[in-house]
Visitor: 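Quick one: the structure is below, questions incoming.
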Amino acid sequence: GESVGLHLPTLSVQEGDNSIINCAYSNSASDYFIWYKQESGKGPQFIIDIRSNMDKRQGQRVTVLLNKTVKHLSLQIAATQPGDSAVYFCAENGGAGGTSYGKLTFGQGTILTVHP
Amino acid sequence: NAGVTQTPKFQVLKTGQSMTLQCAQDMNHNSMYWYRQDPGMGLRLIYYSASEGTTDKGEVPNGYNVSRLNKREFSLRLESAAPSQTSVYFCASSFENGRGYTFGSGTRLTVV
C-alpha cells in the first residue's frame, strides 16, 4: 500500500537555528497534509496543515511547504527553541472519496533535538 | 471543552485477559479512530469509524474489536490480550474530511 515516509530520522540543531524536517509521500491522490508534534509521554499535537491547492502555509514560527511535483512536504521551524524538541510526524489523508478519505497515514517520525 | 478523553491512562494485563479502552470526544466530530504506537514507530491505524453506526478495519485490526456507541464514544476491546499488544494506544477524532484531527493523551498498555 501507499505510505508516507521521512528522509531523516533524527535532527539536532542549536537553539536559535532554523530547522527543516522533510517528508516524502507516495499517494498522489492525497489532498490534505498535517504536521504533528509529539512530546514524550503525550499524544500528537496538531502544528499546521496544508491542502493540495496550496504550496506554502505559514503559522507562528512554522511554515509548511508542499511540492506536489516531487511529492515532498517540509516543515520549517524558525528560531528553534529547546521546547521544540520532540518527534515530528507528517500525515496525509489519502485523497477525497473512497474509504481512505479522512483516515490519516503517518510517517515514522523525525526526532528533533534542540541544544541550548 | 475537553477534546478527546481516553481512559484508562495506564493498564497492565495478564496474557489472555480482556479489557476495553474508552474514548470520548466533545467536538461534534463524525469520525473517530484508534491507533497504536510502538517504540520508535509511527502510528498505525487499528480501526476507524467514519460516522456513527459504521466501523471499518485499519492497518492492524487483528486481536481487536470496536464499538461506536454513539457519536461521542468509540471503544476498543481486546478479547484475549497478548504480549504483542503491548503498546501505547491513541484515540483520535475528526470531521469527515480529516479536518480538526485531534488525539487523546493515550493509554499505555502492558501485557505480561
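As the structure is a prediction and not an experimental result, all values here were calculated from the model. Just so it is clear, the values below take in all heavy atoms, side chains as well, and ignore hydrogens, waters and symmetry mates.
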Visitor: Would you mind checking which part of B/R108 comes under 4.5 Å of any heavy atom in chain A, side chain (CB onward), backbone (N, CA, C, O), both or neither?
Guide: side chain
Visitor: For B/Q6, which atoms come within 4.5 Å of any heavy atom of chain A: side chain, backbone, both, or neither?
Guide: neither
Visitor: Working to the nearest 0.5 Å, report the span between CZ of A/F106 and CD of B/Q37.
Guide: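 Result: 9.0 Å between the selected atoms.
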Visitor: Side chain, backbone, both or neither: which part of B/L43 has a non-hydrogen atom closer than 4.5 Å to chain A?
Guide: both
Visitor: Between A/L104 and B/Y35, which heavy-atom pair has the shortest distance, and what is it?
Guide: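 Reported closest heavy-atom pair: O-OH, 3.3 Å.
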Visitor: Would a hydrophobic clustering, with Ile, Leu, Val, Met, Phe, Trp and Tyr connected at side-chain separations under 4.5 Å, put B/F74 with B/M19?
Guide: yes
Visitor: At a heavy-atom separation under 4.5 Å, does A/Q45 approach chain B through its side chain, its backbone, both, or neither?
Guide: neither
Visitor: Would you sort out whether A/Q38 and B/F90 count as a side chain to side chain contact (heavy atoms under 4.5 Å, CB included), showing the intermediate values?
Guide: CA-CA 12 Å; A/Q38 187 176 24; B/F90 289 100; 3.4 Å; yes
Visitor: Strictly under 6.0 Å, is that where the ring centroids of B/F103 and A/F46 end up?
Guide: no
Visitor: Going only through I, L, V, M, F, W and Y residues with side-chain contacts under 4.5 Å, is there a path from A/L75 to A/L73?
Guide: yes
Visitor: Transitively linked via ILVMFWY side-chain contacts under 4.5 Å: A/F89 with B/Y48?
Guide: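 Yes; tracing contacts between hydrophobic side chains, which count when under 4.5 Å, links both residues.
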Visitor: When clusters are formed by joining ILVMFWY residues with side-chain heavy atoms under 4.5 Å apart, either directly or through shared neighbours, do B/Y89 and A/V87 land in the same one?
Guide: no
Visitor: Would you say B/M32 ends up clustered with B/L45 if hydrophobic residues are merged whenever their side chains have heavy atoms under 4.5 Å apart, either directly or through other cluster members?
Guide: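 In one cluster with B/L45: B/M32, no.
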